[in-house]
Structures are given as C-alpha cells and as structure tokens.
Protein chains: 2
Amino acid sequence: MSNISAWIERFPGLSRLDQPTKELLLNQSQIVNFAKGATIFGPGNSPENMLFLLDGTVRVQQTSDTGHEIVLYRIEAGQSCVLTTACLLSYDDYSATGIAETAVDAAAVPRAVFDTLVAQSKPFRDFVFAAFSKRITDLFLVIDEVAFQRLDVRLADKLIKLSSNTDRVATTHQKLSIELGTAREVISRQLQEFQRRGWIEQARGSVTPIDKSQLQKLANHNT
Amino acid sequence: MSNISAWIERFPGLSRLDQPTKELLLNQSQIVNFAKGATIFGPGNSPENMLFLLDGTVRVQQTSDTGHEIVLYRIEAGQSCVLTTACLLSYDDYSATGIAETAVDAAAVPRAVFDTLVAQSKPFRDFVFAAFSKRITDLFLVIDEVAFQRLDVRLADKLIKLSSNTDRVATTHQKLSIELGTAREVISRQLQEFQRRGWIEQARGSVTPIDKSQLQKLANHNT
DNA sequence: GAGTCTTGGTGACTATGTCACCAAACATTC
DNA sequence: GAATGTTTGGTGACATAGTCACCAAGACTC
C-alpha cells in the first residue's frame, strides 16, 4: 500500500473497515482531480460515481427557474457526496449543482462498488447513513433560515463564519447573496448598514470585520 | 401468510424481495397504529424503528426557535420514513416532527433488522435509496419555493393540490400558513384577494375554489 | 347567557425583493 | 496610455411579504 492508497485512513468513519473491504475500496476506486471552478455534477450531468473528497471543497447549490441561486451545503475533505449517490440510484434528475470551490482531489467509487460495500460492511453503512444524516440536517437548517430568520442575522452569521480564519473576507456582494439566497442589492444595503455602525470595512471584493463581537452578538439572535 | 402479513406486496419496491427476505421482514416487524393527531416522532423523541406506512398520512414539519412552523413533506401509504432512519443511525437529534395527519397503520422495523435487510437484499437497498432520493428532492423543492417563489403562486398551487379530490377544502388560514411557512395574516390577505377576483369562496374553516382554471394559471407561473 | 377558544380581519409599520438605472474599479487591447 | 468592455457596487422608487397589536364574530362549554 503506497501513500496514495492510504486515503481511507483520512476518513474517520472508514478506518474501521476490515482489511478486505479496504482493499476492495482501494482497488476499485480511482483518484480524480477537478480544477477550481469546475462543475462536478449538475442537472443533466448525473455523476456515475460516488466521491470521497480527499482535498478541497465542493459547493453544492441550486438554481431556480427564476434564475436565482442559493448555496445548499458544502462538502469538505473527509466527507463524501452521498446525496449524489442517492439520486444516482434513482430516476430523478439531480437538480443541484456541485462546483469545485478549490482544486479538488477525490476518490471516485463506481455505483456497483458502492452497492457491494454497503452490502458487505456495517462500518461502511454507518458511514453512509451518517453522511446522509448530516446533509439532511443541513438542509433542514437551510429551510429554517431561509423561511424564518432575519437577513441581517444571517449575514452577520455568515461573515463571522467566513472570517474565522482570516481578517479579511475575500468575496463579492453577489457571492454573499448566493450564499443566503437573496438579491445582491439587499446584501449591499445590509453591508452599508454594518459599515455605518462601524462593524465592518469594505473594499471592492472584500469585507473586513472590525468589531466581530458586535457581529457575533447580532448573529446570536435566534440561532 | 395471513392477509395481515401481505403488507409487503403493497410496496412496489419491496415486492421484488426474495422469499427469505420477505419472511425476515414480516417476522421481525410489528404492525403499529397511531391515532389522528398523534406525534410519531419529534425532537428528543428519536424513533427506534423504521416505519412502512400501510395506511394514512404522516405530516413532517419543522418548528423554528422563533415559533414559526413549516411543512417539509408528507409520507403517504406505500412509502417509508427513511429520513428518521438515517437520523436514528446518527448522533444528531432529529429536528423535525412527524404527526399522524389521519389514523395511521404502519409496519415498524427495528433498526437492527433494517441494517440486516440493507446488507442482504439489493432490492431493499434500492428501495431505501430511492426513498431517500424522493425526500431530498422534496426538500430541494421546498427550499426553492420558500426562497424564490411568490406567495400568491405558492398559495394558488397549494389550493389546487388540496382541491384535486374535493370541491371544498376544509382548512384554516393558520394551517395554510404552516403549509407555506408564512404568517396567518399573509394568507388571510391573499385569500381575500383571490375572493375579490372571484376565484374562491370562503367560510370559517373552508376555502372553496370556484374558478380553478384561474388558480391553475397563477400556480403555473414559475413552476 | 357568560366566559372562553378558535378563527379571521385590519391598519400601521418594517423588512425584503425588484427594477432600472448609474458609476467607479479593473482588465484587456490596441 | 487611451479606448473599451466587464465586474462590482450604489441608488431611488416601488412591490411584496412579514410583524405587531389589536378587534370581532363564530363556536363550544359550563
């Protein structure tokens, strides 16, 4: 087993697989790469494989027939594209789009192998169902936020999360509006209000939180 | 095999199971009943079993911490509560609530049996993943509607669907507002507008479509 | 028939989304 | 480096949706 085949160990849920199962998974899967910005799956482009993300982030979003977009969830390294698998096993077209937010390395597992693994390994089943559970919980949360939470609260929350590592959040009003499923103008006005209060500073293509505690305080309203 | 054990045949996806699997499913499951209005599962009340609905309808809805409610989807006879199963296999608390909308008969399958069935039967796996797929597609649709569709369109659509069998829809403004995740006042005003246009008639606890074609026409805007 | 609960109505207000623009920053090209 | 196009953000006017604080009529209970 070379180091490239050690990827299974990066998945906490998969390290408990027994040795034959690990070998099956390694032998029958293939490492694939996607460039930043690539469309990994989308309507009319059903994925043939289940992906285990080794590195990078996939953003899953939906485009309404009105042309509006909203981010549904993200798949990070160490997680898998289970929802694509579910939908790949069914008739329906998958109505969401997966976009490589960074360069992405992933292990692609064909659906037949996926099926075999689900059949023969309890740890693998647990992994799959836990992954489903996380995604569905995420979706419930999105519904709650879109339907019932105030936009200023959601935006403050988003800014806090985006700025957890950096001082300066490199994003545009347009991108923020897709994150929250709203219009660009609404984001622009809300950011102006935050700026007026001295909570952030803005530049073209970036937002810099100055008073994170105030943003956090607003984000905590109904969370 | 008495007729009570023939329930598997009512599930199109399960009729393809082989005989030993059918027997396992029948022997290890139990028929349960819920009265209309009963809470079948909810936060802090994780279901121990997977349910196969033999008769009746389960309404699955979410209550926000702001006190607002929204209907997520319904489980009809012939379908199963897969999402509860997913969440039951994971740590998270299930944040949605399942309410018996009518009297409900169901077959309850313990999680250990569910796991065995997933392991040993491909048709059962297909059934489970197809059910997942349907639910997730439903959730995507809810997100799209809540985030991007106009309320008059959504209300017209809901009225058309509710009146497919009956002339007179027995519901309250409050219930309609929960269906769409909005406020009662908003529904009241929208229904007044429909009434003003001569599309519906209202009475306490009921809405009667008069001009379904107009409602349908509005409902078709962005669907 | 007096209370009480459910259901629905209403005005005033706030929040959010839409539309049609404009203008500055930036990138590209010659 | 001037001309040009693209991206990003700003703005006013307006439409739609949600909130709040009430009120009132029907229905149900005692």
Side-chain angles (χ1 to χ4, degrees), chain A residues 37 63-70 142-159 168-197 200-208 218-219 221-222, chain B residues 37 63-70 142-159 168-197 200-208 218-219 221-222:
Chain A
T63 303
S64 171
D65 46 14
T66 62
H68 293 123
E69 295 175 277
I70 184 169
V142 169
I143 291 173
D144 186 271
E145 289 192 344
V146 168
F148 303 129
Q149 304 300 328
R150 290 179 53 97
L151 201 88
D152 51 358
V153 173
R154 295 171 60 210
L155 180 56
D157 185 59
K158 183 59 72 179
L159 289 175
R168 200 180 128 93
V169 180
T171 187
T172 66
H173 296 190
Q174 180 65 47
K175 282 179 184 164
L176 286 170
S177 75
I178 295 176
E179 291 289 332
L180 303 184
T182 182
R184 197 260 316 159
E185 298 93 312
V186 176
I187 297 292
S188 296
R189 283 178 187 131
Q190 203 60 66
L191 287 177
Q192 277 175 57
E193 176 60 20
F194 288 172
Q195 186 172 34
R196 195 190 62 74
R197 294 185 196 167
I200 62 167
E201 273 179 3
Q202 293 191 73
R204 188 186 168 93
S206 83
V207 178
T208 309
L218 177 57
H221 276 259
N222 304 324
Chain B
T63 303
S64 170
D65 46 14
T66 61
H68 293 122
E69 294 174 276
I70 184 169
V142 169
I143 290 172
D144 185 89
E145 289 192 345
V146 168
F148 303 130
Q149 304 301 328
R150 290 179 52 98
L151 201 87
D152 51 357
V153 174
R154 296 171 61 209
L155 181 56
D157 185 60
K158 183 58 72 178
L159 288 175
R168 198 181 129 93
V169 180
T171 187
T172 65
H173 296 189
Q174 180 65 47
K175 283 178 184 165
L176 286 170
S177 74
I178 295 176
E179 290 289 332
L180 304 183
T182 182
R184 196 259 316 157
E185 298 94 312
V186 176
I187 296 292
S188 296
R189 283 179 187 130
Q190 203 61 65
L191 287 178
Q192 277 175 57
E193 176 61 19
F194 288 172
Q195 187 173 34
R196 194 190 64 71
R197 296 186 195 166
I200 61 167
E201 274 179 4
Q202 293 191 72
R204 188 186 169 92
S206 83
V207 178
T208 309
L218 178 57
H221 277 258
N222 304 322

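Note that the coordinates shown come from a computational prediction; the quantities given were computed from them, not determined experimentally. Chain letters run A, B, ... following the sequence lines, proteins first, then strands; residues in each count from 1.
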Stretch residues 168-184 of chain A: residues that reach within less than 4.0 Å of DNA chain D through a heavy atom: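 Nucleic-acid contacts, sorted: A/T172, A/H173, A/R184.
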Using atom [atom1] of [X] as one end and atom [atom2] of [N] as the other, report the distance to the nearest whole Å.
X      : N      : atom1 : atom2 : result
A/F148 : D/dT19 : CZ    : C1'   : 14 Å
A/R150 : D/dT19 : CZ    : P     : 9 Å
A/D152 : D/dT19 : CG    : P     : 13 Å
B/L155 : D/dA17 : CG    : C1'   : 13 Å
A/R204 : D/dT6  : CZ    : P     : 14 Å
B/E193 : D/dT16 : CD    : C1'   : 12 Å
A/L191 : D/dT8  : CG    : P     : 15 Å

Results of side chain to side chain contact (heavy atoms under 4.5 Å, CB included) for A/Q190 - residues two or more places apart only: A/D152, A/L155, A/E193, A/F194
Partner set under side chain to side chain contact (heavy atoms under 4.5 Å, CB included) for A/V142, not counting sequence neighbours: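 In terms of side chain to side chain contact (heavy atoms under 4.5 Å, CB included), with neighbours along the sequence ignored, A/V142 is linked to A/I70, A/V146, B/I143.
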Test salt bridge (charged side-chain N to carboxylate O under 4.0 Å, His left out) applied to A/E179 - qualifying residues, sequence neighbours left out: A/R74, A/K158
For B/E201, all residues meeting salt bridge (charged side-chain N to carboxylate O under 4.0 Å, His left out), sequence neighbours excluded: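 For B/E201, no residue satisfies salt bridge (charged side-chain N to carboxylate O under 4.0 Å, His left out) once neighbours in sequence are set aside.
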Sugar-phosphate, base or nothing in reach of A/E185, heavy atoms under 4.0 Å: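 Touches a base.
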Main-chain N/O of A/Q149 paired to A/R154 side chain as donor or acceptor, under 3.5 Å: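 It does not hold such a pair.
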Main-chain N/O of A/G67 paired to A/S64 side chain as donor or acceptor, under 3.5 Å: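 Between the backbone of A/G67 and the side chain of A/S64 there is no qualifying donor-acceptor contact (under 3.5 Å).
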Nearest-nucleotide comparison on DNA chain D, the residue closer to the 5′ end among A/A147 and A/Q202: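 First, find each residue's nearest nucleotide; the 5'-ward one identifies A/Q202.
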Side-chain donor-acceptor pairs of residues 181-189 of chain B under 3.5 Å, sequence neighbours excluded:
from   : atom 1 : to     : atom 2 : distance (Å)
B/S188 : OG     : B/H173 : ND1    : 2.9
B/S188 : OG     : B/R184 : O      : 3.2

Got a sec, which residues hit side chain to side chain donor-acceptor pair (under 3.5 Å) with [X], two or more places apart in sequence or on another chain?
X      : answer
B/R204 : none
B/Q192 : none
A/T208 : none

Axis-to-axis angle between the two ends of the helix from C/dG1-D/dC30 to C/dC30-D/dG1 (five base pairs per end, rounded to 10 degrees):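 One end's axis against the other's: 30°.
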First-last contacting nucleotides on DNA chain C - partner chain A, under 4.0 angstrom, heavy atom: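 Both ends considered, the range comes out as C/dA15 to C/dC26.
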D/dG18 phosphate, OP1 or OP2, under 4.0 Å from B/H68 side-chain N/O: no
Minimal non-hydrogen separation, A/F148 against B/E69, with atom names: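 Closest approach of A/F148 to B/E69, heavy atoms only: CZ-O, 3.4 Å.
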